[in-house]
Amino acid sequence: MAAEPEVLDELHRLRARVPQLTGALAASADGLVLAHDTPGVEPDGLAALTAAALGVAVRMADATGQGDFRELLVRGVHGYVATYAAGASAVLTLLAQDRVNVGRLHLEGRRSGTRIGELVDAATARGEPATSARVPAKTAATPSRNRTARGTAGQRTATAATRTPNTPTTSES
């Protein structure tokens, strides 16, 4: 993707603005790495986990009538994992120390998510693939489940009858 260097540059600028960030990753909604600055964390695994968490978050927001997915925050003993919608088909995941100012994390995460979404959406509009050319080793051997991505950030419809071909769907159980 031609926007990949610009996305990586945005991740570096974000980490400079919020010194307590320990990592930043931009990924497609289906879990493929677009760009990352995640020292000590395997980016393909983080992108896959982000996609899984995104699927649950999108379904939870939808089931409770809260509207389109915007962000997800997980707090652990040693810090935070925050995921933000980034345009129509990408997400931004940030790793932060426990001492981070959560308000500042949200402010900067939302801004960067918007910027990355603009970059990715513009590249997609130009006909460029939304994901980087490399295929993560772990997903290359995984058989297809014949499902669409459950969590395209910012795109949800109310009923199955109104879905368009590129709108993500969820399986009903």
Side-chain angles (χ1 to χ4, degrees), residues 1 3-64 66-120 130-132 134-142 145 149-154 156 168 170:
M1 169 172 89
E4 187 174 347
E6 293 170 311
V7 172
L8 185 58
D9 191 44
E10 179 62 29
L11 296 180
H12 291 306
R13 285 193 306 268
L14 174 61
R15 289 203 56 202
R17 289 191 308 267
V18 184
Q20 295 81 19
L21 285 183
T22 59
L25 169 108
S28 66
D30 58 355
L32 296 177
V33 176
L34 300 175
H36 68 91
D37 182 7
T38 56
V41 177
E42 198 268 316
D44 292 329
L46 181 58
L49 288 170
T50 294
L54 178 64
V56 172
V58 166
R59 288 189 71 176
M60 187 180 300
D62 190 42
T64 58
Q66 301 304 314
D68 293 341
F69 169 80
R70 294 290 178 247
E71 59 197 46
L72 172 68
L73 182 68
V74 176
R75 181 177 183 202
V77 173
H78 302 294
Y80 295 87
V81 179
T83 299
Y84 301 92
S89 62
V91 290
L92 170 65
T93 294
L94 304 177
L95 308 176
Q97 298 170 354
D98 189 44
R99 61 189 180 91
V100 72
N101 177 320
V102 178
R104 178 77 187 270
L105 176 69
H106 284 319
L107 176 71
E108 297 294 347
R110 291 170 186 153
R111 285 180 179 167
S112 288
T114 298
R115 176 71 179 131
I116 289 168
E118 291 168 353
L119 294 168
V120 172
T131 59
S132 61
R134 65 185 182 84
V135 176
K138 290 182 181 177
T139 59
T142 305
R145 293 186 187 180
R150 286 192 226 162
T152 302
R156 296 290 298 167
T170 59

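Quick note: residue numbers are just sequence positions, from 1.
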Quiz item: Side chains of L46 and L95: closer than 4.5 Å at any heavy-atom pair?
Solution: yes

Exercise. Specify the closest pair of heavy atoms between L92 and G109, including all atoms of both residues, with the distance to one decimal.
Key: CD2-O, 3.5 Å

Quiz item: With R110, which residues qualify under side-chain hydrogen bond (donor to acceptor under 3.5 Å, both in side chains), at least two apart?
Solution: E71

Quiz item: Closest heavy-atom contact between G67 and A61?
Solution: O-CB, 3.5 Å

Exercise. Sequence neighbours left out, what pairs pass salt bridge (Lys or Arg N to Asp or Glu O under 4.0 Å) with at least one residue falling in residues 15-27?
Key: E10-R17, R15-D37, R17-E108

Exercise. Using side-chain hydrogen bond (donor to acceptor under 3.5 Å, both in side chains) as the criterion, list what pairs up with T38, not counting sequence neighbours.
Key: H36

Practice problem: Name all residues meeting the side-chain contact (heavy atoms from CB on, under 4.5 Å) criterion together with A96; count only those two or more places apart in sequence or in a different chain, and write none if there are none. | Solution: L21, Y80, V100, L105

Quiz item: What's the shortest heavy-atom distance between V91 and S28, and which atoms?
Solution: CG2-O, 4.3 Å

Practice problem: Check side-chain hydrogen bond (donor to acceptor under 3.5 Å, both in side chains) between T93 and all other residues, then give those that pass, not counting sequence neighbours. | Solution: T50, T83

Quiz item: Should L49 and V81 count as side-chain neighbours, where that means a heavy-atom distance under 4.5 Å?
Solution: no

Quiz item: Residues in side-chain hydrogen bond (donor to acceptor under 3.5 Å, both in side chains) with Q66, at least two apart?
Solution: none

Quiz item: Do any pairs count as a salt bridge (Lys or Arg N to Asp or Glu O under 4.0 Å) and have a residue in residues 87-96, sequence neighbours left out, and if so which ones?
Solution: none

Quiz item: What residue pairs, at least two apart or across chains, pass ring pair (Phe, Tyr, Trp, His ring centres under 6.0 Å) with a residue in residues 85-113?
Solution: Y84-H106

Quiz item: Closest approach of V7 and A26, non-hydrogen atoms and distance?
Solution: CG1-CB, 3.6 Å

Quiz item: Applying ring pair (Phe, Tyr, Trp, His ring centres under 6.0 Å), which residue pairs with at least one partner in residues 5-32 are found, sequence neighbours left out?
Solution: none

Exercise. Among residues two or more places apart or on two chains, list those pairs meeting salt bridge (Lys or Arg N to Asp or Glu O under 4.0 Å) that have a residue in residues 79-90.
Key: none

Practice problem: Grab the two heavy atoms, one from L34 and one from A90, that are nearest each other, plus how far apart they are. | Solution: CD1-CB, 3.9 Å

Practice problem: Any salt bridge (Lys or Arg N to Asp or Glu O under 4.0 Å) involving residues 93-102? Give me the pairs, sequence neighbours left out, ordered by first then second residue. | Solution: R75-D98

Practice problem: Just jot down the side-chain contact (heavy atoms from CB on, under 4.5 Å) partners of A53, sequence neighbours excluded, or say none. | Solution: L72

